[in-house]
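Structure first, commentary second.
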Amino acid sequence: MSLPEILQAEATAAFNQLNPQAQQSIQTWPEFRLEQLHQVLGLSVFIREAFNRNATLAEELPAMLEKTDRAEGYRRELKQRLDSCPDEATGLRLLREFRCREMVCIAWRDFLGEWELEESLRHLSELAEAMIFETYQWLYQACCQEWGTPCNEQGEPQPMLIIGMGKLGGGELNFSSDIDLIFTYPENGETQGARRSIANAQFFTRLGQRIIKALDQQTLDGFCYRVDMRLRPFGESGPLVMSYAAIEDYYQEQGRDWERYAMVKARVMGREMYPEYQQLRQMLRPFVFRRYIDFSAIQSLRRMKSMISSEVRRRGLHNNIKLGSGGIREVEFIAQVFQLIRGGREPGLRKRGLLETLVSIRELGLIDADEVVGLEEAYRFLRKQENLLQAMADKQTQTLPDSPLEQEKLAFAMGFSCWEALLQATQEHMRHVHSVFDKLIGDDDEESVAVEPHFSELWDMVHKPEVIEHILLEDLHSAEVTADQKVITDFKDGLAKKTLGPRGREVLNRLMPKVFQAVFAHKDARFGLSRVLHLLGKIVTRTAYLELLEENPSALTQLVRLCTASPMVSEQLGKYPILLDELLDPKQLYNPVPLESYKVELTEYLARIPEEDMEQQLEALRQFKQTCILRIAAADIAGVLPVMKVSDHLTYLAEAIVEAVINQAWLQVREKYGEPTHLKNRDGRGFAVIGYGKVGGWELGYNSDLDLVFLHDCPADVYTDGKKEIDGRQFYLRLVQRIIHIFSVRTASGILYEVDTRLRPSGASGLLASSAQAFDEYQHQEAWTWEHQALVRARVLYGDPTLSNAFADIRHRVLCIPREEGKLRQDVVDMREKMRTYLGGKKPGRFMLKQDLGGITDVEFLAQYLVLRFSAGHPGLTRWSDNVRIFESMHQHSVLTEEESLSLTEAYTSIRNEIHHRNLLNLDADVDESRFVDQRACVQKNWDKWLG
């Protein structure tokens, strides 16, 4: 079947964009392969980009495609390559090139329909397993050479088992899927054969970290897989690696229902590890598969179904073939309900793969055979569609495209004559799945929460003080009777001044007893009562929000929990009640957007609004930020995100918003002036945004502003090509002004970020946008030492590759300038004293976490000093812009001992953690001076050593 006309043009354009080396190699291909190439180039941006990224792919691909079953050779070939690998950096490049080549083969066969879905999923899963396990083998040997071989008490070497979860475990991996892993090892002990032994737990933790970095880290060659470790015991707050005994204890004592579901698909990576894994699998089987018929699983799945339904409604996922009604997730639930209910008695239901589980369900007669056949057909159809969707650009998506061009591509790849026919077939499959799902799992009609009578009296009898006092004292055992009584009375008195209407008052009368019950059930009710009632006072005239809380007990519970934990959150909810919708789905609320998905999520969020509607675009940006921050804060409060991860999320969110703001500003300025002519015939905008300070160091807090510097590469004699022609450099100045305006203009949802541009060359008197050349000259000829200090914590947030590389080169060269030690030390100390004088405000008996001796700023100055002093001799020290990895690098380059590096990192992170949580509570950054004594001593000791 030949490509439609619109895709013919796409294919031709894609071919013309291939680099000359690829085009030259392709000339030697057989005719039928050239025809196939033309077809896949018309369908997949990923394949086109792979040819341009991998210089030898065009030469190697025809021979690779001759072998239909490549999976059997994945491990052998990858092992050979890694065995001859000279260093870790080369290994990272090799892994990424290997994955890219093989993924092109898989995508090629997918788009040409050369194999069944099962073959595609098998190759994707075995490729991932080969990548994971051979990376483990390679790095295990490297770690043994460095730290010795981990052994048990009998001296027997101990392996680390990597357990693949989810679709990886089931052998049904998506084209662009995350990989969910759990790391474990058999027994505790110590390493042997090295100068200094370490505990097995420490060895395997370091090994695990290296494996994650090897697979997950974004390099110039891309990345291999997004590695998700959140399914491990205790989630992100738990240890990275645990022994068999620790894992067994966890699952038997604390394992939750959703962890049972996850364990159904668990599979060890590397078939030679199967004998070793049997011991652990036998230990875990009683947890996963009950010996009795376990009908409690139905109720658990109903709760999960309710959460999914809320997510579908809230996010409007009617075109999502995974989470939407009748999507892939519902097929998975249907299989799981039988596995969990009957798997303890029916061995056929303990299989990992979904399709083989459906076969067992049919053979056991648990569902009508016709319905199972319909489920199998729907699953194959939707999974094939999901794979093709993701193979178009190697992006993790399950949402059907809105763009006519992308719709045409997907329809053709699926073998349909037009988009409408594909959409109709998709909807029919999903209707069948949902009908089976609904019949089997049923509705989760959540019964209304029974409210104790005294909570109703607490609301109805507000103006009888003796009744309220008795309830608070005798029934609720309040420690703050007078204060609580005043808060409740003031709230109800305040309602007289508001326009509620009959419906609003009726809803409020039903809601308030539930509110009191939820508040006083919390151990910190004395904080929660005033905050929750203050919030309700802000939204009380909006009946829809009152109904939301009254009809959704879980939403009310989340509201009380978050407001009790953080006044910052309660203030946000009061200012922007639209955020209350987030409370409907606890699963979503406590799971922030994955770090790598913020840009995609924001793009999709903004795509619903016309580009020309600038007012709504501005509002949407702010609403997206507030929603994300609420979810980050919720996860933070719940303890599932450590402080470093919180800052990572806030930083990735800021980067996504920076890119979206630049896109909006560019459209506005281009419409008026056109574009600078030096951009013709090149990709990109000749523009970069440099983040300094907290955003540069991956350390953003909830209320942080953005320190930004703007660069361009526009020559002096360039003009724009629009109706209103202006100087090219003037264009970039207008662009920056528009960017700052978008960030700072106040809408109904507040401002986006405070932006500080004073770190640019020449400070407030300098140009808002500098050329890269001018920036380079300024840094080498005019910049003060403190400006070079600031450069330590600077990195590109947005920019063309050329400009990004230019800035990285400038930064590296500036930081590597040989400096006179005495002058550098004096400059840094003088600047630190100046900051303490102007910013320090001492409180008697209090330790000021930022500015006092041994505080955060001392740690930051120490890191900056060490980079400036030692980078001339150790250029690798310029690599990172965050303090934690700077100290790690200092140890790696023998500037600091391991003990010094770890103790400074611990001091820094623990003080930062305190500042961060005080921000959540709206408290000043100071604590009793008896706290952080050891950390302050550590910082002062190192300060005296280097700067004293």
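Under 4.0 Å is where a charged nitrogen must lie from a carboxylate oxygen, and between R226 and E596 at least one such pair does. Salt-bridge formation is detected for the pair E134/R75: a Lys NZ or Arg NE/NH1/NH2 atom is positioned less than 4.0 Å from an Asp or Glu carboxylate oxygen. Note on E129 versus R267: salt bridge recorded, some NZ/NE/NH1/NH2 to OD/OE distance being below 4.0 Å. Between E77 and R81, at least one side-chain N (NZ, or NE/NH1/NH2) sits under 4.0 Å from a carboxylate O, which counts as a salt bridge.
The CG atom of L168 lies 11.5 Å from the CD1 atom of I163; values are rounded to the nearest 0.5 Å. Of the inter-residue distances, the one linking I211 atom CD1 with M131 atom CE reads 12.5 Å to the nearest 0.5 angstrom. Going from atom CE of M64 over to atom CZ of R70 covers 4.0 Å, rounded to the nearest 0.5 Å. In this structure, CD1 in I328 is found 6.5 Å from CD in Q398, a value given to the nearest 0.5 Å. Distance check, rounded to the nearest 0.5 Å: CZ of R329 to CG of L382 gives 13.5 Å. The distance from atom SG of C224 to atom CD of E97, rounded to the nearest 0.5 Å, is 10.5 Å.
The ring of F234 has its center closer than 6.0 angstrom to the ring center of Y250. Here Y136 and F133 bring their ring centres to under 6.0 angstrom of each other.
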- Item | Full working for side-chain contact (heavy atoms from CB on, under 4.5 Å) between Q385 and L422 | CA-CA 10 Å; Q385 193 168 197; L422 171 62; 3.7 Å; yes

- Give the intermediate values and the outcome of salt bridge (charged side-chain N to carboxylate O under 4.0 Å, His left out) for residues D178 and R230. CA-CA 12 Å; D178 295 355; R230 289 176 297 178; 5.4 Å; no

- Query: Can L389 and I321 be said to form a side-chain contact (heavy atoms from CB on, under 4.5 Å), step by step?
  - Reply: CA-CA 11 Å; L389 257 177; I321 59 173; 4.2 Å; yes

- Item | Test salt bridge (charged side-chain N to carboxylate O under 4.0 Å, His left out) applied to E119 and R109, step by step | CA-CA 10 Å; E119 277 299 289; R109 298 197 192 283; over 6 Å; no

- Message: One pair to check against side-chain contact (heavy atoms from CB on, under 4.5 Å): I182 and M263. What are the steps and the verdict?
- Response: CA-CA 10 Å; I182 293 177; M263 272 293 162; 3.9 Å; yes

- Message: Pair N387, I106 - check side-chain contact (heavy atoms from CB on, under 4.5 Å), show working.
- Response: CA-CA 10 Å; N387 260 13; I106 294 170; 5.9 Å; no

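Side-chain contact between E376 and V331 is absent, with no heavy-atom pair separated by less than 4.5 Å. Between L161 and Y244 the shortest side-chain heavy-atom distance falls below 4.5 Å. Using a 4.5 Å heavy-atom cutoff, the side chains of F223 and L95 are not in contact. You'll find the side chain of V264 reaches within 4.5 Å of the side chain of V288, heavy atoms only. Contact check for K79 versus Q137: no side-chain heavy atoms found under the 4.5 Å cut-off. Looking at heavy atoms from C-beta onward, C144 lies in side-chain contact with P150 at the 4.5 angstrom threshold. Contact annotation: the side chain of T149 never approaches that of Q192 to less than 4.5 Å [non-hydrogen atoms, C-beta and beyond]. Considering only heavy atoms from C-beta on, K67 comes within 4.5 Å of E72 through its side chain.
With H123 as reference, W115 is the one residue of W115, F175, W108 to meet the ring pair (Phe, Tyr, Trp, His ring centres under 6.0 Å) rule. Each of K167, R122, K265, R352 was evaluated against E172; a single residue qualifies, K265, per the salt bridge (Lys or Arg N to Asp or Glu O under 4.0 Å) test.
Listed for the Q339 side chain is no donor-acceptor partner under 3.5 Å among the backbone atoms of R350. When atom types are taken as modelled, the side chain of R362 and the backbone of L358 share no donor-acceptor pair closer than 3.5 angstrom. The main-chain N or O of D370 is never found under 3.5 Å from a side-chain atom of D368 such that the two would form a donor-acceptor pair. Between the side chain of N320 and the backbone N or O of K322, at least one donor-acceptor pair lies under 3.5 Å. No donor-acceptor pair closer than 3.5 Å links the side chain of N174 to the backbone N or O of S176. No donor-acceptor pair closer than 3.5 Å links the side chain of R232 to the backbone N or O of F183. When atom types are taken as modelled, the side chain of S360 and the backbone of L349 share no donor-acceptor pair closer than 3.5 angstrom. Under a 3.5 Å cut-off, the side chain of T357 and the backbone N or O of A335 do not form any donor-acceptor pair. Panel note: side chain S243, backbone N188; no donor-acceptor pair is recorded below 3.5 Å. Put simply, the side chain of S44 never gets that close to the backbone of V40: no donor and acceptor are under 3.5 Å apart.
The two residues A262 and L231 have their closest heavy-atom pair at CB-CD1, 4.5 Å. S125 approaches L173 most closely through the heavy-atom pair OG-N, 2.9 Å. In terms of heavy-atom proximity, Q158 sits nearest to C151 at CG-C, 3.8 Å. Taking each heavy atom of F204 and P159 in turn, the nearest pair found is CZ-O, 3.6 Å. Contact between L181 and G164 at its shortest, heavy atoms only, is CD2-CA, 4.1 Å. In this structure, F111 and A413 approach most closely via the heavy-atom pair CD2-CB, 3.9 Å.
N319 and T399 are not linked by any side-chain donor-acceptor pair at a separation below 3.5 angstrom, with hydrogens and angles left out of the test.
In the displayed structure, E153 atom CD is contacted under 6.0 Å by at most 12 heavy atoms of other residues, nucleotides or ligands. Within a 6.0 Å radius of CD in E116, other residues, nucleotides and ligands contribute 12 heavy atoms or fewer.
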